[in-house]
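Beneath this line is the structure, given in structure tokens, with notes to follow.
Atoms within a ligand are numbered from 1 in the order they appear, just like the ligands themselves. Note that this is a predicted model, so its numbers are computed, not measured. The chain is numbered in sequence order, starting from 1.
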Amino acid sequence: MAIEIAGLRKSFARNEVLKGIDLEVRDGELIALLGPSGSGKTTLLRIIAGLDWPDYGKLEVDGTDWLAIAARDRRIGFVFQHYALFPHMTVRKNIAFGLTVRPQKTRPDAAAIAARVDELLQFLQIPHLADRLPGQLSGGQRQRVALGRALAIEPRVLLLDEPFGALDAAVRRDLRAWLRSVHDASGSTTIFVTHDQDEAFELADRVVIMGEGKIEQIGTADQIHDHPASPFVARFMGATIELPVTVTAGRASAPGIDAARLERRAFADGPATLFVRPGDLTPIADPAGLWRVKHVSSTGAVLRPVLSGPGGQEITVEVLRRAADTLTPGQTVLLRVEAGTLFPDTLSGRSGHSQPVPEQKPVPVKETQI
Ligand SMILES: Nc1ncnc2c1ncn2[C@@H]1O[C@H](COP(=O)(O)OP(=O)(O)OP(=O)(O)O)[C@@H](O)[C@H]1O
Ligand SMILES: [Mg+2]
């Protein structure tokens, strides 16, 4: 099922939590919604499921207006963010639940329901758990059952709201691979909400980055990682260091910084901000360098030198221990930029703009060779 969302807005009292969402999900696609807490991910999912209604906008599935269809008729499979299984029902009964509560005329008979549940238990690789109660399962097993319950109704669209949120990292990794195979085999169209970037990029065909009720960027891992569309996405993707630079003929420069490795960009001359990940700056020992090593902390393989710059700026970079064993406190260095993204200061909220200009669209940073 293809989903088309356009101009979707939703307020709670005076608080606008979805500020015009446009999103097209292709039939059979697995989309991850990634964004900070409160950005509107659950609200968007609830609207698609029919548990909430938007104030404005369009929601169509395969060309049909879904806002005119009641939740129970949408055939949605939903695994909620904080939604326990029914504790007094066995795994088998939990999975069968969605079928047993159907109106009589569409409800399969008992034998058909049992057959469907057996099939799902096999498919989800949990037939040995069929007669247990939820209290007798591990967290990861419970999530498999929750997904089984969502899949039982043969949903046209599967919505998963942080289904692995409470689990530890190793179990999450297992479930991730498993979920991808379940998705591929079931052929459903899936929207998956997560806080976890690795999870989003590993699982999804495309990732949607949400920030404060808006979609900031839609793309593949590479597109979002290498070409963040806004300062928000750059920061969210870990580019926590913001260096003030001057752009001339598509090249960024600043005292004490060597940015020659960055590609030239079609970019207006003038002040700008370079967003860089801590691992994409290499400090190079240089007696005339304008950055000074204040101290160096270590987490095993990675060293984190704290550097102070010519303008009083203090940053923490990350270098492999192997490459950095000559860095000592007091030493001066040149900072070489290996990768980064430029944004004009009007977008990054620096230099006289105390607030980012809200309605301004990011300048597309096309890779134009000059
Ligand atoms: N029923 C409601 N009444 C009032 N405000 C609400 C309601 N539901 C959500 N909100 C508000 O809407 C905003 C978006 O909430 P939402 O639950 O969609 O965020 P989220 O991205 O899912 O966050 P999280 O990652 O923490 O789950 C929040 O500011 C929240 O307080
Ligand atoms: Mg949520």
Going by an N to O cut-off under 4.0 Å, is there a salt bridge joining [X] and [Y]?
X	Y	result
Arg180	Glu202	no
Glu4	Lys58	yes
Glu119	Arg116	yes
Lys294	Glu314	yes
Asp161	Lys41	no
Lys214	Glu212	no

Below 2.8 Å, can you find an N, O or S atom of Thr43 next to the Mg ion (ligand 2)? no
Closest protein heavy atom (residue, atom, distance) for [atom]:
atom	value
atom 27 (O) of ligand 1	Gln81 NE2, 2.8 Å
atom 12 (O) of ligand 1	Val17 CG1, 3.0 Å
atom 16 (P) of ligand 1	Thr43 OG1, 3.6 Å
atom 26 (O) of ligand 1	Ser37 OG, 2.4 Å
atom 25 (O) of ligand 1	Lys41 NZ, 2.7 Å
atom 9 (C) of ligand 1	Phe12 CE1, 3.5 Å

For Val208, run the side chain to side chain contact (heavy atoms under 4.5 Å, CB included) check against Val25, Ile224, Leu23, Ile191 and tell me which one passes. Leu23
Should the pair Arg46 and Phe78 be classed as cation-pi, given the thresholds of under 6.0 Å to the six-membered ring centre and 45° from the axis? no
Side chain or backbone, does Gly40 bring an N or O within less than 3.5 Å of an N or O on ligand 1? yes
Is Gly38 in polar range of ligand 1, meaning some N or O pair under 3.5 Å apart? yes
Are Glu162 and ligand 1 in contact, using a heavy-atom cut-off of under 4.0 Å? yes
Closer than 4.0 angstrom: is that true for some heavy atom of His195 and an atom of ligand 1? yes
Give a yes or no on whether atom 30 (C) of ligand 1 lies under 4.0 Å from any heavy atom of the protein. no
pair Leu137-Val91: side-chain heavy atoms closer than 4.5 Å: yes
May I ask you to list the atoms of ligand 1 that are less than 4.0 angstrom from any heavy atom of Ser39? 19 (O), 21 (O)
Does only the side chain of Thr42 get under 4.0 Å from ligand 1, or the backbone, or both, or neither? Count heavy atoms. both
